[in-house]
Amino acid sequence: MGEGPRRAHGTTASKTDKPSPKTDPNRDSLRRPALPIALAPYLGEVKTRLMAERLVSEGWLVKSWFFPRELGGVDNPENIAYITPRAAKARAALIQRLVHLLERDVIDRMDVQVDYKGLSIIPSRIRFKA
């Protein structure tokens with residue numbers, strides 16, 4: 001019976017056959033190095049500034065301000081917010097739009113409303129109302 005190794009679909013494969021990129025279990029390791037997967041922290045349990053600052057140093061959060069300094073917000077502890085990098089990017093785009101509207105005298109007042117989940121100090125939503 002001198003058959004070579006069998007494939008799942010029933011045809012014989014020679015020793016020189018290479019696995020298909022779709023079936024090769026090592027295909028990802030050929031493209032990028034193996035890195036440990038870090039699990040994102042649950043932000044609902046961040047209840048102190050010390051915890052938030054640690055997450056800032058690890059890159060999970062960004063220190064920001066509720067009322068933007070670019071629009072006259074002050075740099076005091078009550079105005080400090082800790083948000084995700086994704087939220088910081090969206091916030092930056094919104095601030096650019098608001099600055100543009102202020103320069104054109106389209107808006108003259110702005111309120112910031114913040115929502116939280118539980119006892120967390122990380123906002124679940126920040127709304128800017130102009």
Side-chain angles (χ1 to χ4, degrees):
M1 281 247 146
E3 292 184 12
R6 288 236 176 232
R7 292 188 182 200
H9 53 75
T11 62
T12 41
S14 72
K15 293 181 181 180
T16 59
D17 281 351
K18 293 182 181 176
S20 157
K22 292 182 180 179
T23 60
D24 183 5
N26 296 318
R27 78 176 193 272
D28 287 337
S29 64
L30 298 174
R31 294 185 188 154
R32 56 188 122 104
L35 298 173
I37 297 173
L39 299 176
Y42 176 61
L43 300 178
E45 294 188 6
V46 179
K47 297 175 183 159
T48 66
R49 288 189 188 272
L50 184 62
M51 290 173 73
E53 288 290 343
R54 190 184 92 230
L55 293 174
V56 167
S57 70
E58 294 173 1
W60 295 108
L61 293 175
V62 174
K63 188 175 181 178
S64 188
W65 292 265
F66 288 116
F67 197 91
R69 292 188 310 167
E70 302 90 336
L71 302 175
V74 292
D75 190 11
N76 66 31
E78 293 82 32
N79 195 31
I80 293 174
Y82 297 95
I83 58 177
T84 63
R86 182 177 173 190
K89 189 174 181 177
R91 179 189 177 278
L94 174 65
I95 300 305
Q96 281 185 332
R97 289 184 64 203
L98 291 171
V99 166
H100 181 68
L101 292 172
L102 279 170
E103 289 170 350
R104 293 179 30 215
D105 290 326
V106 174
I107 59 174
D108 62 355
R109 178 186 166 100
M110 187 177 73
D111 292 319
V112 179
Q113 297 175 344
V114 184
D115 295 334
Y116 297 93
K117 289 185 180 176
L119 299 176
S120 177
I121 65 167
I122 308 304
S124 58
R125 178 170 47 180
I126 303 173
R127 287 181 279 180
F128 296 87
K129 291 192 171 192

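FYI, side chains are in, hydrogens and waters are out, and symmetry mates aren't considered; it's all heavy atoms of this structure. What you are looking at is a predicted structure, and each value in this text was computed from that prediction instead of being measured.
- The two atoms that bring Ser120 and Leu43 nearest to each other are OG-O, 2.8 Å, heavy atoms only.
- Placement of Ile122 and Phe66 in two distinct hydrophobic clusters is found when ILVMFWY residues are connected by side-chain heavy-atom separations under 4.5 Å, directly or transitively.
- When the options Arg97, Gln96, Arg104 are evaluated for a side-chain hydrogen bond (donor to acceptor under 3.5 Å, both in side chains) with His100, the one that passes is Arg104.
- Annotation: Asp75, atom CG; neighbour count of heavy atoms from other residues, nucleotides and ligands within 6.0 Å is above 12.
- Shown here for Lys47 and Leu119, the closest heavy-atom pair between the two residues is CG-O, 3.7 Å.
- Shortest non-hydrogen contact noted between Leu39 and Trp60 is O-CZ2, 3.7 Å.
- Annotation for Val46 and Leu55: closest pair CG2-CD1, 3.5 Å, computed over non-hydrogen atoms.
- When the side chains of ILVMFWY residues are joined at heavy-atom separations under 4.5 Å, either directly or via intervening members, Ile83 and Leu71 end up in a single hydrophobic cluster.
- Once rounded to the nearest 0.5 Å, the distance linking CZ of Arg69 with OG of Ser64 reads 8.5 Å.
- The structure places CD1 of Ile95 at 4.5 Å from CZ of Phe128, a figure rounded to the nearest 0.5 Å.
- Glu45 and Met51 make their closest contact through O-CE, 3.1 Å (heavy atoms, listed as atom of the first residue, atom of the second, distance).
- Leu94 is connected to Val99 through a chain of hydrophobic side-chain contacts under 4.5 Å among Ile, Leu, Val, Met, Phe, Trp and Tyr, so both are in one cluster.
- The minimum heavy-atom distance linking Tyr116 with Ile121 is given by the pair CE2-O, 3.4 Å.
- The CZ atom of Arg54 sits 9.0 Å away from atom OG1 of Thr48, with the distance rounded to the nearest 0.5 Å.
- Using a 4.5 Å cut-off between side-chain heavy atoms of Ile, Leu, Val, Met, Phe, Trp and Tyr, with links allowed through other members, Met110 and Leu101 fall into the same hydrophobic cluster.
- Taking a cutoff of 4.0 Å between a charged side-chain nitrogen and a carboxylate oxygen, Glu53 and Arg49 do not qualify as a salt bridge.
- Cluster membership check: Trp65 shares its hydrophobic cluster with Val56, using side-chain heavy-atom separations under 4.5 Å among Ile, Leu, Val, Met, Phe, Trp and Tyr.
- A donor-acceptor pair under 3.5 Å links the side-chain atoms of Asn79 to the main chain of Phe67, judged by distance alone.
- Under a cut-off of 6.0 angstrom, the local environment of CZ in Arg86 is sparse, with at most 12 non-hydrogen atoms contributed by other residues, nucleotides or ligands.
- Asp115 places no side-chain N or O within 3.5 Å of a backbone atom of Arg125 that could act as its donor or acceptor partner.
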